[in-house]
Q: 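This is the structure, below, for whatever I ask next.
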Number of protein chains: 2
Amino acid sequence: MQISDAESIVMDALWGRSPLSAEEIVALTADAQGWQEATVKTLLNRLLTKKAIAAERDGRRYLYRPLVPRSDYVDAESTSLLDRLFGGRVAPLVAHFSEQRKLTKKDIAELKRLIAEIDDGE
Amino acid sequence: MQISDAESIVMDALWGRSPLSAEEIVALTADAQGWQEATVKTLLNRLLTKKAIAAERDGRRYLYRPLVPRSDYVDAESTSLLDRLFGGRVAPLVAHFSEQRKLTKKDIAELKRLIAEIDDGE
DNA sequence: GCATTTCGTTTACATCCGTAATCGATGATC
DNA sequence: GATCATCGATTACGGATGTAAACGAAATGC
């Protein structure tokens, strides 16, 4: 099962720190998203049934923690995008951003450093 | 309005060549996707109401063409992913794939060439 | 001209998703 | 102990999506 966009906001909170109570998750997300508490509760429940998070009892309430690592999620999303749009490879995506003039000098510098590093390590 | 995943398959056909008749689009997509003709018809209709494509009469049938350029779609999708997962920047995505050992030597070579090229042009 | 095929249009329907409100149980208060 | 607050679970509901069948008009074959 798939983590939806809204659910991923909740996951973000838990990837940032865990375990968290529902209340804490609400505090971290609701305002920024314009959500009611009830919305967060729903999302927590859906994530539970999807086995994307787990809940452990802590007295009267539950504490939630991610079961899916952020890197798995990031990887699935990124790979899916690359496969759908760029033949599964990274370079064409970089090329696209370059063509769209969406690369700042900083981006380019960072990429250069990164490539050098990778190339070095390999 | 948003082009959905299934709709983007139809768009792909049209981005590849256009204008195309519904029949041609069915030929290009249905088998690969395991779709019935009816499904393609529905998707064409939804794309029409979304103004993502246009239809021009050609005798008894219509010929369809994209109104949304592929680069616009690619850009929207990519930017959304980068914003959601990588702070809106390309380098962290490349870093992620590197960490996941998902970069082949060819990818790295290609990236290096690309960066050099960009760096040169700027 | 009538039956048949062919298109596009309309309708269908289950699921997912975003967004919440309500309900029921459990714990806290007076 | 009765009442109030809290928390998770259940129910709600409209819109988007995937997937398609049914319908109706127009063209084609005899």
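The structure presented is a predicted model; accordingly, all values stated were derived computationally and were not measured. Here is how names work: the chains are called A, B, and so on, in the same order as the sequence lines, proteins then strands, and each is numbered from 1.
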Q: Report yes or no: do A:Asp5 and A:Ser8 form a side-chain donor-acceptor pair below 3.5 Å?
A: no
Q: Figure out the CH2/P separation between A:Trp35 and C:dA21, and round it to whole Å.
A: 15 Å
Q: Should the side chain of A:Arg46 and the base of C:dT19 be counted as holding a donor-acceptor pair, with the cut-off at 3.5 Å?
A: yes
Q: Rounded to the Å, how far apart are A:Gln36 CD and D:dC7 C1'?
A: 16 Å
Q: Rounded to whole Å, how long is the line connecting atom CD1 of A:Ile25 with atom C1' of D:dC7?
A: 13 Å
Q: Calculate the interatomic distance between B:Leu20 atom CG and C:dC7 atom P; express it in whole Å.
A: 14 Å
Q: Do B:Asn45 and B:Thr42 have side-chain N/O donor and acceptor atoms under 3.5 Å apart?
A: no
Q: Is any side-chain N or O of B:Thr39 under 3.5 Å from a base N or O of D:dA20, one able to act as donor and the other as acceptor?
A: no
Q: Is the closest side-chain donor-acceptor distance between B:Ser80 and B:Glu77 under 3.5 Å?
A: no
Q: Just do the salt bridge (Lys or Arg N to Asp or Glu O under 4.0 Å) check on A:Glu117 and A:Arg113 with the steps written out, would you?
A: CA-CA 6 Å; A:Glu117 199 175 284; A:Arg113 196 182 48 67; 3.1 Å; yes
Q: Classify the nucleic acid contact of B:Ala55 as base, sugar-phosphate or nothing, counting any heavy atom under 4.0 Å across all strands shown.
A: nothing
Q: Tell me what B:Asn45 touches on the nucleic acid: a base, only sugar-phosphate, or nothing, going by heavy atoms under 4.0 Å.
A: base
Q: Mind running side-chain hydrogen bond (donor to acceptor under 3.5 Å, both in side chains) on B:Gln36 and B:Thr39 for me, showing each step along the way?
A: CA-CA 5 Å; B:Gln36 298 303 116; B:Thr39 302; over 6 Å; no
Q: Would you say B:Tyr62 reaches C:dT6's phosphate, i.e. side-chain N/O to OP1/OP2 under 4.0 Å?
A: no
Q: Regarding A:Asp107 and A:Lys102, does a basic nitrogen lie under 4.0 Å from an acidic carboxylate oxygen?
A: no
Q: Got a salt bridge between A:Glu56 and A:Arg65, using NZ or NE/NH1/NH2 to carboxylate O under 4.0 Å?
A: yes
Q: Within this structure, what is the CG-to-P distance between B:Leu43 and C:dC7, rounded to whole angstrom?
A: 18 Å
Q: I need the CG-C1' distance between A:Leu44 and C:dG18, as an integer number of Å.
A: 15 Å
Q: Name the residue closer to the 5' end of DNA chain C, choosing between A:Ser4 and A:Lys41 according to the nucleotide with the nearest heavy atom.
A: A:Ser4
Q: Atom CD of A:Glu37 and atom C1' of D:dA9: how far apart are they, to the nearest Å?
A: 15 Å
Q: Please determine, for the side chain of B:Asp5, which listed nucleotide (D:dG18, C:dG8, C:dA20) has the closest atom?
A: D:dG18
Q: To the nearest Å, how far apart are B:Lys50 NZ and D:dA16 P?
A: 8 Å
Q: Return the polar atom pairs (N/O with N/O) between nucleotides 23-28 of chain D and the protein under 3.5 Å, or none.
A:
none

